[in-house]
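Each remark here refers to the structure printed beneath this line.
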Amino acid sequence: MGPFTVNEEWLEAFRGFLESSTYAVAFTGAGVSAESGIPTFRGDEGIWREYPPAVYGNLPGLALAFLFRRRRLARLASEVLTTLLEASPNPCHHALARLEREGPLRAVITQNVDDLHRVAGSMRVLELHGNAFRLRCSRCGLRMDVDRDKALEARDRLLQPGISRRGLLAALMEYAGACGACGGRTRPDVVLFGESLPVDTMNQAMEEASRCDLLLVLGTSSMVYPAAVIPRMALESGAKLVEVNPNASSISSRAHLRIPLPAGVFFASYLERLT
Ligand code: OAD
């Protein structure tokens with residue numbers, strides 16, 4: 001990504017913040033997965049530009065798209081599946097997993113649904129917006145993992161040219177089949193617009209935010225509430241805030257250290273210096 005130079009002073013300052021912390025927490029957003037090939041939501045390259053959230057970010061809108069814009073919906077679904085299935089962790093995910101193993105990181109609070117923190121080895125991951133690799137039964141609430149092979153088959157069905165409504169439904173059901181326990185309908189366990197966040201997870205995340213002495217705010221515009229209370233709560237409780245984001249965000253002016261770089265680029269250098 002781009003001709004970014006990692007300034008030694010930023011690395012030094014970052015290490016300084018880590019060394020003086022006994023309880024650090026990371027708060028991550030779409031930007032940490034950008035270098036894993038997953039587009040962000042906002043900005044010029046963002047998903048919401050081509051697929052407005054008023055239609056594609058909520059259940060009623062998606063139901064309308066199913067009825068009236070099925071080819072576009074099929075394209076979106078196949079693109080999302082391909083992107084998620086092909087993505088793998090980048091140095092930012094790896095560095096966070098290592099900081100948890102070796103200290104002082106205690107938890108990752110993420111708005112991402114791509115599962116990459118877990119794949120990289122992070123153990124305590126609080127997923128505020130759910131996980132696209134998990135399904136939830138709409139009847140009994142049981143949660144189950146997505147079968148990645150089935151998701152691939154669903155993706156291939158979605159790519160059929162001139163897909164019919166029946167074909168689209170079959171593909172979606174291939175990805176989100178019937179509940180193994182009660183036979184009810186399942187849906188991706190992700191939070192769409194207008195839906196509530198998982199209460200327990202949000203409570204734990206707020207507890208972490210008030211408890212930490214250092215919050216790493218990585219790759220998020222920190223604009224979407226309620227998740228965006230996390231950095232504000234941490235600041236109110238006296239934590240230091242370090243931001244890694246190539247662009248200014250709504251929290252940048254309050255950061256104690258701002259590193260204006262892509263997270264993968266910065267953490268690749270950070271990890272390199274450790275070896
Ligand atoms: P946004 O798309 O709002 O913001 C992405 C942020 O990542 C921006 O501030 C970018 O400058 C920054 N960024 C881009 N590339 C980066 C890189 N390589 N390294 C570091 N930062 C980079 O995404 P979020 O803040 O995650 O919610 O958005 C929050 C929520 O809005 C999402 O979880 C989603 C969306 O609506 C739901 O789907 C419920």
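Only a predicted model underlies this, so the values are computations on that prediction, with no experimental measurement involved. Indexing begins at 1, ligand by ligand and atom by atom, following the structure's order.
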Close approach, V191 and ligand 1, non-hydrogen under 4.0 angstrom: yes
For atom 32 (C) of ligand 1, which candidate among Y225, F27, F41, F4 holds the nearest heavy atom? F41
Are any of the heavy atoms in P246 under 4.0 Å away from ligand 1? yes
With distance as the sole criterion, is a donor-acceptor pair present between the side chains of R232 and S250 under 3.5 Å? yes
Counting from 1, what ligand 1 atoms have a heavy atom of N247 closer than 4.0 Å? 10 (C), 11 (O)
Centre-to-centre under 6.0 Å for F267 and F14, is that the case here? yes
Pick one of side chain, backbone, both or neither for how R42 approaches ligand 1, counting any non-hydrogen atom pair under 4.0 Å. both
Short list, please: which atoms of ligand 1 are under 4.0 Å from a heavy atom of W48? 35 (C), 36 (O)
Check whether any heavy atom of M223 sits under 4.0 Å from an atom of ligand 1. no
If you measure every N/O of S249 against every N/O of ligand 1, is any gap under 3.5 Å? no
Using modelled atom types and a 3.5 Å cut-off, is there a donor and acceptor pairing between side-chain atoms of E243 and backbone atoms of A255? no
Of G31, G57, S221, which has the heavy atom at the shortest distance from atom 16 (C) of ligand 1? G31
Return a yes/no value for T220: is any of its N or O atoms, backbone included, closer than 3.5 angstrom to an N or O of ligand 1? yes
Ligand-residue contact atoms, ligand 1 with P262, heavy atoms, under 4.0 Å: 17 (C), 18 (N), 19 (N)
Per-residue contact class, A263 against ligand 1 - non-hydrogen pairs under 4.0 Å: both
Taking heavy atoms and a distance under 4.0 Å, where does E35 meet ligand 1: side chain, backbone, both or neither? side chain
Side chains of T110 and T28: do they bring a donor and an acceptor to under 3.5 Å? yes
Can you check which of A30, S250, P260 brings a heavy atom nearest to atom 24 (P) of ligand 1? A30
Looking at K150 and E153, does any basic side-chain N land under 4.0 Å from a carboxylate oxygen? no
Do H93 and S122 have side-chain N/O donor and acceptor atoms under 3.5 Å apart? no
Polar contact flag, side-chain donor to acceptor under 3.5 angstrom, D189-N131: no
Partner of T186 by side chain to side chain contact (heavy atoms under 4.5 Å, CB included), out of C140, C179, S138: C179
Numbering the atoms of ligand 1 from 1, which are under 4.0 Å from a heavy atom of F193? 36 (O)
Determine whether the side chains of T201 and E127 contain a donor N or O and an acceptor N or O closer than 3.5 Å. no
